[in-house]
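Please read the structure below before turning to the comments.
Here is the naming used below: chain letters follow the sequence lines, and residue numbers restart at 1 for every chain. Bear in mind the structure is a predicted one, so any value in this text is a computation, not a measurement.
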Amino acid sequence: MTTTLKPVDAVLVGFGWTGAIMGQQLADAGLSVLALERGPWRDTATDFATGFAQDELRYMWRHHLFQNVTDDTLTVRNHLDQEALPMRHLGSFLLGTGVGSGGVHWNGQIWRFLPSDFQTKSHNQQRYGAKAVSDYDLTVQDWGVTYDELEPHYDTFDKLCGTSGKAGNLNGQIQAGGNPFEGARANEYPTPPMTQTYGPTLFGQAAAELGHHPFPHPTGNLSQPYVNPLGAQLGKCTYCGFCEKFGCGNYSKASPQTTILPYLMAKPNFTLKTECEVLRVELSADRKRATGVTYVNSAGEEFFQPAEMVILSAYVLQNVRLLLLSGIGKPYDPKTGEGVVGKNYAYQTMSSVNVFFDDKLINPFIGAGALATVIDDFNGDNFDHSGLGFIGGAYVGGMVTGGRPIEMIYTPQGVPAWGLEWKQAAAKNYLRSFSFSIHGSCMSHRGNYLDLDPTYRDVHGRPMLRMTFDFTDNEHKMSDYVTDKAVEVAKAMNPREFKVNRRTGSWSVTPYQTTHNTGGAIMGDNPRDSVVNKFLQTWDVPNVFSLGSGAFPQNAGYNPTGTVAALAYHAAHEITTRYIKAPGPLVAA
Amino acid sequence: MGSAGAAAAAGIHDGELGAPPQTYTGKVPWQEGAADAPPAALGTDFRFFTPAERSFIEAAVNRLIPPDPAGPSAVEANVPFFLDRQLAGPFGRGDHYFLGGPWKKGAAEQGYQMRFSPAQLYRAAIKAVDDYAAANFHGAAFASLADADKDKLLKGLEAGTVQLGDGVDAKSFFAMLLQNTKEGYFSDPLYGGNKDMAAWKMIGFPGAHYDYSEWVTRHGEKVPYPTVGMKGRPGWSES
Ligand SMILES: Cc1cc2nc3c(=O)[nH]c(=O)nc-3n(C[C@H](O)[C@H](O)[C@H](O)COP(=O)(O)OP(=O)(O)OC[C@H]3O[C@@H](n4cnc5c(N)ncnc54)[C@H](O)[C@@H]3O)c2cc1C
Ligand code: SF4
């Protein structure tokens, strides 16, 4: 039996980064807001206090904070002719759950995409010709929103987090010490950049010698104490080295907990319900309006929650699945290329280079989630792609996020994974090595998409999401090209030796790569090519909004959350200033 | 599940399954003194492995991380005890694994595809490897093989060139065994392995510290901090 509850103005499905941002914006506009979160409540003192936060086994390997896939996972395959099978254990990406979700156990790498990233199709077409964007069956698109439109909202997120960094482009003026390739920012970062440890410093010196433009990675690990505009206080990062995949015990990592919740939870017009999983969005008989959502709680009770507005903030994979399960938008068909929901699923193309020294103590355990010196010279369209045979790029970062020994012992080329040789190499190299991360874009492709699995079902009997994905030649060529550039930096450091871990072969569910899944609920300027408009409003059902990286028509060579947050603020601004006065489509179809 | 006592009373639990639904409005629902502290491995007895399985495990993990002057072997680091407690607990039961059907073989890229929980897999695989050893090495169990033969067999499992019976995928078992062995070697001693933090000392990892501020700019210097586990830290409480 389903119990019908009292209506609310807005219901949020999921309460991670996007849910918290939108919840705060809508609650401040005076709406009655209810957040439904499938996982538990979490706070710093209870769940990741400094007495036990530095537990590699429990948090990283036993997935203590991550989604438990026991009763719901997704199925995966590389291409259409294969049968998709369930991802039985998390690996390639570590899906979040619970209040704060990925915002709790992220690195805090805060990026803006390049202005040209928002025009992937038109920009590359204009510069390199039509073939550049159609080779390899690419299906790249423009976003329908520009960097300039998002700039104030990127700025809002920086101020929320207290992002530590150095501007490289202030209102068009290139600044020493920052990223000279970035889009113009109206303001300097709220706090100065992190102090670099030894590894990133060596990387920066070598990159500069080669004529590149190194700068400190912008971080949500704070270089100094900070009070944000919502009155939330963050502390100074202590370089504990248990950052990504862990919660921060020091209140030094920007997260919904440290930046929004103290403010939002105190508001009387905001309510959070935990252990409540939304099964689907309910639509009116004409399917043009959402009436609310149906959810089931951990006691097994089912409810219908009526709402004037439904905000999907359940992370890209569950957002797309809920759209498909609820019949919102036309599902994408990779054979005909028709339909949009599930289209252009993309990811991140990662490779790395490990460097080993005899004479330098790197001390990798002194680290932070976003601690790196990076070069952006080979990202996006920051370099001439003529004749290279690919579009896109990557940043290269000399990163030291920590030295957690189960995950992060590097051994030289040719050393086996176990036995005496491995043991001796681990003992010899642990303190004297570190890694460069080559963090690459991933263009969208006709055959990469999300739909509902025909066979596997979750504990509620709903079809699981099915992911069909592989890297294309465009991605392999891009990754090899930028990895070669990273190798040049490695050589310039004069290490004893180095090891190159290229992005070879097909995408695999192990090992961990990134939790930067994108697409499937893509944005654009018309309903034929996209699921949502530039304000993340679904074209088909105007009182349903889909937040998060699902809106990316393809993925850029940066971590996504800065852009995810900017898009959420951009949408929130339009909802609170226009939509609530006159509900309806915010962009004419 | 999470540690008993205070944590259970506060409604805190391991992962998102099984907690009661809650409604929060008007305040941050923080509870004084509540702590989701980790569950320590207690006792010294073996609860999961039979004596024959224990012989296999000791022999296998000591080939994965053998004795030498640089640091402890896996057995010296108490990895078999760690594995026993892991397999007797939530990990062994397949907490955080989806084990529903149908079960198909799949491509390597699709990852783990067996129906077995980790505990079931160890049980079946140890028998299957011992059967294989007996059939191919003159009736001997794995533990009584010469080191070179043990390594040969382990390499065969790793590469998937050794075919095992009883529905055991050799490669998946080897990958799990190696991963769990490194976990027992390098995880906090709280979980029963990494005895005396000797594996951490071997590589130079100082352990569960939480503040390296002083050392950020002291490039290339040796950090003189004593090695500590979570239990050695202020703020640790056995809740
Ligand atoms: C280890 C790790 C490191 C990362 N590092 C970085 C980084 O450095 N920089 C960066 O930019 N990004 C990083 N990310 C990615 C970042 O965490 C995500 O981009 C961000 O959290 C996405 O926010 P979201 O609101 O879309 O989803 P989430 O924060 O995941 O929140 C979604 C919420 O919805 C809930 N939910 C899902 N389905 C339902 C349902 N049906 N009913 C109710 N609730 C539901 C989930 O439980 C979850 O709480 C990292 C991620 C991981 C895992
Ligand atoms: S590295 Fe810094 S921000 Fe990250 S968890 Fe540790 S103290 Fe917090």
Answer yes or no for B:Lys182 and A:Trp61: cation-pi contact, defined as NZ/CZ to six-membered ring centre under 6.0 Å and angle to ring axis within 45°.
no

Quick one: are A:Thr70 and B:Phe98 in side-chain contact, heavy atoms under 4.5 Å?
no

Any B:Lys222 side-chain heavy atom under 4.5 Å of A:Leu361 side chain
yes

Check for me whether the distance between the ring centres of B:Trp215 and A:Tyr198 falls short of 6.0 Å.
no

Ring-ring centroid check B:Tyr97 A:His89, cutoff 6.0 Å:
yes

Counting heavy-atom pairs under 4.5 Å with chain A, the top scorer among B:Pro206, B:Ala70, B:Gly111 is B:Pro206

Looking only at B:Ala107, B:Ala108, B:Gly101, B:Gly94, the option with the highest number of non-hydrogen pairs under 4.5 Å against chain A is B:Gly101

Is A:Glu275 reaching over with its side chain to a backbone N or O of B:Gln22, donor-acceptor style, under 3.5 angstrom?
no

Tell me, side chain or backbone of [X] under 4.5 Å from chain B's heavy atoms, or both, or neither?
X	answer
A:Arg77	both
A:Pro86	both
A:Phe365	both
A:Ala299	both
A:Thr75	neither
A:Ala417	both
A:Asn269	neither
A:Trp422	side chain
A:Gln82	side chain
A:Met60	neither
A:Thr195	both

Could you verify whether a donor N or O on one side chain and an acceptor N or O on the other, from [X] and [Y], lie under 3.5 Å apart?
X	Y	value
B:Gln113	A:Arg88	yes
B:Asp95	A:His63	no
B:Gln86	A:Arg62	yes
A:Asp55	B:Tyr191	yes

Any Lys/Arg nitrogen of B:Asp211 or A:Lys236 sitting under 4.0 Å from an Asp/Glu carboxylate oxygen of the other?
no

Looking at A:Cys276, A:Ala49, A:Gly249, A:Cys237, which has the largest count of heavy-atom pairs under 4.5 Å with chain B?
A:Gly249

Choice from A:Leu261, A:Ile409, A:Leu90, A:Thr455 maximising heavy atom contacts with chain B below 4.5 Å:
A:Ile409

Contacts of A:Lys423 meeting salt bridge (charged side-chain N to carboxylate O under 4.0 Å, His left out) (sequence neighbours excluded), chain-then-number -> B:Asp68

Contact listing (chain A partner; residues 146-156 of chain B; heavy atom under 4.5 Å):
B:Asp151, B:Leu154, B:Lys155

